[in-house]
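In what follows, a single structure is set out as structure tokens and then discussed.
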Amino acid sequence: MNAPVNVKPRGRQFFNNPGPTNIPDRILRAMDRPVMDFLAPEFLDIQRACMAGVKRVLKTDQTLFMHASTGHGAWEAAVANLFSPGDTVLVVETGYFSLGWKEMVETLGLKVETVPADWRKGVEIAKVAEHLAKDKAHAIKAVLAVHNETATGMVLPLAEIRRAIDEARHPALLLSDTISSLGSMEYKMDAWGVDVTIGGSQKGLMMPTGMALTGVSDKAMEASRTSKMPKYYFNWQLMNSRMPQRFIGTVPVHFFFGLEESIKMLEEEGLDAVFARHARLAEATRAAVHAWGANGKGPTLYGQTADRLSNSVTTVLMPEGVSSDGLRKTALERYNLSLGGGLGPLMGKVFRIGHLGDLNEPMLLGCLATTELAMKTAGVPFAPGGVDAAIDSLAGRA
Ligand SMILES: *Cc1c(COP(=O)(O)O)cnc(C)c1O
């Protein structure tokens, strides 16, 4: 029997959770500066640049709000601003996060209908269209959709959801959670006809947790005028009256210092190059997982629909009867690699590799090699060759 190993992790922790993500030194340094009056012209310039930058990332020319909150706060803000008690909304099931949003909306007093889905295959878009077509009285005020379901590692094609709404000639608003895709995967708020887009600071934007953003279409702004849900801090109309900052209370200036740098980094690389990098790293990750499961005994990809696999997170299904807890514990405590766990019903059944934000090939290969090492140490069955498959994938894409 092996003696217990008492290892104190050294070196930098490899952080491969799908959020929060690595905060680049450039952003940390940009935030490391004295406080500033949020009404000072110097700050207003920074804030203005950030707002314009975030709109370029969202690809919207419409309204943008920033909240000092997590993404959950922006979810709640959207519900409070758009609806009235007793209104009905339609949730497109994608996984754990879609159900979380649903639970919030129900708790806030709305009626919720759901388009159910197999989490591994993803929703059938035709079912969304059918559901809306049956709603002849247009009771459904909005469709709530998670663009990138961080629990399952699958993407929802939002342009197709919009098409389904339009084909049913339904006036419902389209609300989208892009928290784990924004700044990592293509997103086109206006072109896709999204009415409300919710993002957070701590994933593709590579920032600390605590700031959420919400893009709001003109149609949704109009709907917010008649909403009767109670709200104050999150009231978009009230925020709009607090010019020039559009903020209620003290503006968290350091977040904007960081955000200015984040946008600079994304645009220096170029958004398309950022998306291509994420695609490359995701493909390499999937190649590794395919290799691990090639003998029919190892871990496999959780997502089953090839053209819906996420480029920011890969959800890996453990072999039958083997929990992911031991593997994650070994990876973290012995090798200083932080992997994501399974959420809700997937707890223990999967682990998740976050490959979004400030990440490059050596970091990803370090993560994949160490995952292999941790599988070996923890006694998880797998076929060898995952890292080689990832290298081949990366080299092939040059
Ligand atoms: C991380 C995440 C959230 C939660 O964001 P918070 O900022 O922690 O509230 C919600 N939805 C998705 C899809 C996420 O990935």
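Just so we're clear, the structure is a prediction, and the values are computed from it rather than from any experiment. Whatever order the structure lists them in is the order used to number ligands and atoms, beginning at 1. Excluded from the calculations below are hydrogen atoms, water molecules and symmetry mates; all remaining heavy atoms, backbone and side chain alike, are included.
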Give the atoms of ligand 1, by number and element, whose distance to some non-hydrogen atom of Val146 is under 4.0 Å. 13 (C)
Among all protein heavy atoms, pick the one closest to atom 3 (C) of ligand 1 and tell me residue, atom and distance. Phe97 CE2, 3.4 Å
Taking 4.0 angstrom as the limit and counting only heavy atoms of Trp75, give me the atoms of ligand 1 inside it, by number and element. 10 (C), 11 (N)
Look only at the side chain of Asn148 and the backbone of Thr150, and say whether a donor-acceptor pair between them is shorter than 3.5 Å. no
To check your reading of the model: name the closest protein heavy atom to atom 9 (O) of ligand 1, its residue, and the distance in Å. His72 ND1, 2.5 Å
NZ/Lys349: more than 12 non-hydrogen atoms of other groups inside 6.0 Å: no
Which atoms of ligand 1 sit under 4.0 Å from any heavy atom of Asn148? 13 (C)
Could you check Arg225, Arg246, Lys231, His67 and say which one makes a side chain to side chain contact (heavy atoms under 4.5 Å, CB included) with Trp236? His67
Among all protein heavy atoms, pick out the one at the shortest distance from atom 12 (C) of ligand 1; state its residue, atom name and that distance to 0.1 Å. Asp177 OD2, 3.4 Å
Give the ring-plane orientation class for Trp75 versus Trp101, where under 30° counts as parallel, over 60° as perpendicular and anything between as tilted. parallel
Tell me the protein heavy atom at minimum distance from atom 8 (O) of ligand 1, and give that distance in Å. Gln202 NE2, 3.5 Å
Electrostatic pair Lys55:Asp190 at N-O distance under 4.0 angstrom: no
For atom 1 (C) of ligand 1, the protein heavy atom that lies nearest, with its residue and separation: Lys203 NZ, 1.4 Å
Looking at Leu82, Leu173, Leu144, Thr63, which one forms a side chain to side chain contact (heavy atoms under 4.5 Å, CB included) with Val196? Leu82
Identify, by atom number and element, the atoms of ligand 1 in contact range of Thr70, meaning under 4.0 Å from any of its heavy atoms. 6 (P), 7 (O), 9 (O)
Using only heavy-atom distances, determine whether the side chains of Ser310 and Ser312 contain a donor-acceptor pair under 3.5 Å. yes
Side chain of Arg169, backbone of Ala133: donor and acceptor closer than 3.5 Å? no
Pick, from Leu182, Asn17, Thr150, the option with the minimum heavy-atom distance to atom 13 (C) of ligand 1. Thr150
Atom 6 (P) of ligand 1: closest protein heavy atom, distance to 0.1 Å, is Gly71 N, 3.4 Å
